[in-house]
2 protein chains.
Amino acid sequence: MATISDVARAAGVSISTVSYALSGKRTITASTRARIEDAIRELDYQPHAGARMLAGATTNILALSAPIHTDGHLPTHMRFVTAVVDTARRYDYDVLLLATDDDVSGIRRVAASSLVDGVVAMGVKAHDERVEIVKRAALPAAFIGVSGEHGDGVACVDLDFERAGRLAITTLADAGHRTVGVVGHPPTYLERGTGFVQRFNAGLEAEAAARGIRIDVVSPTLARGDAERAFDDLLDASPEMTAVLFHCNEPVVEAVLRRIRERGLEVPTDLSAFAACASYDTSHLAVPLSSIPLPLDQMCRIAVESALRQVRGVDALGVELIPPVAEDRGSVARPRR
Amino acid sequence: MATISDVARAAGVSISTVSYALSGKRTITASTRARIEDAIRELDYQPHAGARMLAGATTNILALSAPIHTDGHLPTHMRFVTAVVDTARRYDYDVLLLATDDDVSGIRRVAASSLVDGVVAMGVKAHDERVEIVKRAALPAAFIGVSGEHGDGVACVDLDFERAGRLAITTLADAGHRTVGVVGHPPTYLERGTGFVQRFNAGLEAEAAARGIRIDVVSPTLARGDAERAFDDLLDASPEMTAVLFHCNEPVVEAVLRRIRERGLEVPTDLSAFAACASYDTSHLAVPLSSIPLPLDQMCRIAVESALRQVRGVDALGVELIPPVAEDRGSVARPRR
DNA sequence: GCGCATCATCGAAGCGCTTCGACACATCCC
DNA sequence: GGGATGTGTCGAAGCGCTTCGATGATGCGC
C-alpha cells in the first residue's frame, strides 16, 4: 500500500503539502496540486483509515443503529438500511451496521473507541435510551423518529405522523365517509414504546372527534389469519363502515384486501381503502391504494445529512417533521348510501 | 476518553504491560493483571480504534459486501445480513455494510484503506469479480456462494444446491410422483449469473433423468399475477402433474398456494408440494410445506468464522458445501391415481 | 554460590496521518 | 525602498497503540 510519503516523494513535495492538497485546508499552487494528483493516481494511493482516525481527523464512518424486532417488517427495515447506506456513500461515508438486538451496547462501544464520526438511529422509541448515550459522548447523532416530546435535545427526523393521522381522516371525511375502520400495527409496537403509532393515533382521534367521524381500531398480530379476523371484527362491530384505513405493514394490507374480496366486497365501490404511512409501494397491490407514502428515502437522507453537519461542527439539532402528502390512486370513492 | 497510558498510570505499570495484558501475548503476573483490569473498569477504558489499526494490529471490523438487486428478496437479504452481524459480534467484530449497487468499488476501497480485517461476500455470482480483488489485496475473505467451478481459490460456503436438487426429486419420487412441476426463481437470477440456480437445476435434471421423472419448469417474474399464471401454465402443460416443487422466494410460494386452492385443489391430497432451499419458515405458510431449509444462519456463521480464521493467519480456503436436509411437514403424499 | 534459563516488566521506536508554527518569497502601499 | 501583508511550502510534533529488544528479578542444577 502506498503511503502519503510515497506520494510526497513522487510529487517532489513534503508530506504536509500532500495532506493540505488533499484536505484543501490551505492554498496550494495549481501546478503543485496537479503533480500531487498525478502521483496519487499513479500510486493508487488511499489514505490509511487508522492513521487518519488517530491523527484526530474524521473516520468517514457512520454507525447505523438498527435494532431488529421479531415483529418488525424486514423489507421496510432493509429499505431504511439501504437508504442510509446510499446517502452516506454520496458523502464518501461508510456505514457500520449495529444490528444486534441490543440497541445500546453497540453505540456505547463505537462511541468510546472513536470508531465512527456519528450515529444514525432507527427504530426510535418514545423514550429512547440511546439519546443519553450520544449526548454524554457528544457524538453527532440523528434519530429517525422522535424521542420525547420534542426530540430530547437531539436531531430527530420523522414523518409528521400526527398530521398524517389527521390527513388520513380528512381525506376520507372529505369523500363523505362517516364510519371508518382502522387496521393498525400489532399491539406489540405500542408496548415496545414506538412513538409513531401514538402520534398517528393522536392525530387520527383528534381529527375524527372534530369531524364527528366514528373510528373503530383493530390491531392484528402477525399470526396467520389474524388480519382477516380483525377485518371481520371491524365489519361486525360497525356494519355501516364505508372505509378502511390501513396503518400497518404490507402483509396485513394484502391479507385484508384479499378478505375484502372474499367477502364479496369491492374497492372502492363497496368499501373505500386508504393506506397511511405506507413503507411499501401501494400501486403494486392487488388493488392500488390511495395513500400517504412514508417518505423513507427522504427521512434517511435528512438524518444522514444532519449527522454529517454535526460532524462538521454545525449545530443541526431539533426535530424535523416531514409534512404528509396524500396520493390518489382511486381507492377512495364516495360511499354509496 | 481514557487512553492506555491513563490505565498504565492508574495501575502503576508501563504502557506496554497494559498492552500485553490486553492481548495476552506475553505472560503477566496474576496480581498485575488484576490491577490493570481494575483500572480499565474504573476508567471505562476502550482502546482507540484508529490507534489500534495504525499500530498494525487488527481493526476488529469485517466488511459485508451485500449487493442489492431489484429482483432480490429483501427479507432473505436482511436475514443474511443480520446473521453475519450476529456471528461477527460473537467474535467481538463489527460489520461495515457495503450495500450499494456496485459490488466491487466498496471492497476495493476498504481493502486499500486497511479499514477492515476481512470481507464476507453475499450474492456471489458464478464468476465473481470480487474474487480477484480480495486475492490481489491478500484480504481475508469468505464468499457465501461458490465462485467458479471449485471456489476459484477463495473460501466459499454454500448449501450443496446440486445435492439439494437431487434430494428434492428423490423425496418426491420416493413418494411415487412421476410428473413434477417446478416453480423456479425469476429468469433474471440466471441472467445475472447467480450460480446456485444453475447448480440446483443441474442436480434436479440429473436426478429426474436418472429416475425417469418428468419435470416442467416455470420461472415466473415478480410481477403481480405472474406466479399464478405460471402455475396455470404448469397444469396446462402436464395435467398429470402430481407434485409442485418450489425453488423460489416466499411471495411466489404464497401466491401459487393460493392459486392451487382457487383451482379447487388441496395439498397434499390432490397435489403434493415441496419447498427446496427455503429461506423462509415453511411451517407458517397457509399450508405448512415439507422442505429443504436453506441453512442461512449456518452459512453465515461458517463464512464469518472462515474469514476470521484467515485473519488469524490460518489457511481456511476451499469450498464448504452444506449437505441438504429434508424436513417433513406433511405436504408430500402419495399421488392418488 | 555460580552460571544459566525463565519470567515479568519496561522503554522506545514506529505505524501514517493532520496540523501548528515557521520560513522564504512575492506583492503592495506610502 | 522599507515595512507590512499575503502566499505556498516545509519540518516536526503528536495522536494511542503494538511490539521488539533489553533488563532486572527469580529459580534451577551442579
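Per chain, numbering begins at 1; letters A, B, ... match sequence-line order.
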Under 4.0 Å between any heavy atoms, over every strand shown, what does [X] touch: base, sugar-phosphate, or nothing? Just pick one.
| X | answer |
| --- | --- |
| B:T3 | sugar-phosphate |
| A:T29 | sugar-phosphate |
| A:S23 | nothing |

| Would you say A:S147's side chain and A:D128's backbone share a donor-acceptor pair under 3.5 angstrom? | yes
Go through [options] for me and flag the one nearest to the [X] side chain.
| X | options | answer |
| --- | --- | --- |
| B:S19 | C:dA8, D:dT18, D:dG11 | D:dT18 |
| B:S16 | C:dC20, C:dT9, C:dG11 | C:dG11 |
| A:A55 | C:dC17, D:dC17, C:dA22 | C:dC17 |
| A:I4 | D:dT18, C:dT18, D:dC10 | C:dT18 |

| field | First of A:A2 and A:Y20 reached from the 5' end of DNA chain C, by closest nucleotide | value | A:A2
| Cationic tip of A:R89 within the cone over A:Y93's six-membered ring, i.e. under 6.0 Å and within 45° of the normal? | no
| query | Does any N or O donor sit under 3.5 Å from an N or O acceptor when you compare the side chain of A:R26 with the base of D:dT9? | reply | yes
| 5'-most by nearest nucleotide on DNA chain D - B:L54 or B:K25 | B:L54
| said: Can you see whether A:R52 engages A:T58 through a side-chain donor-acceptor pair at a distance of less than 3.5 angstrom? | reply: no
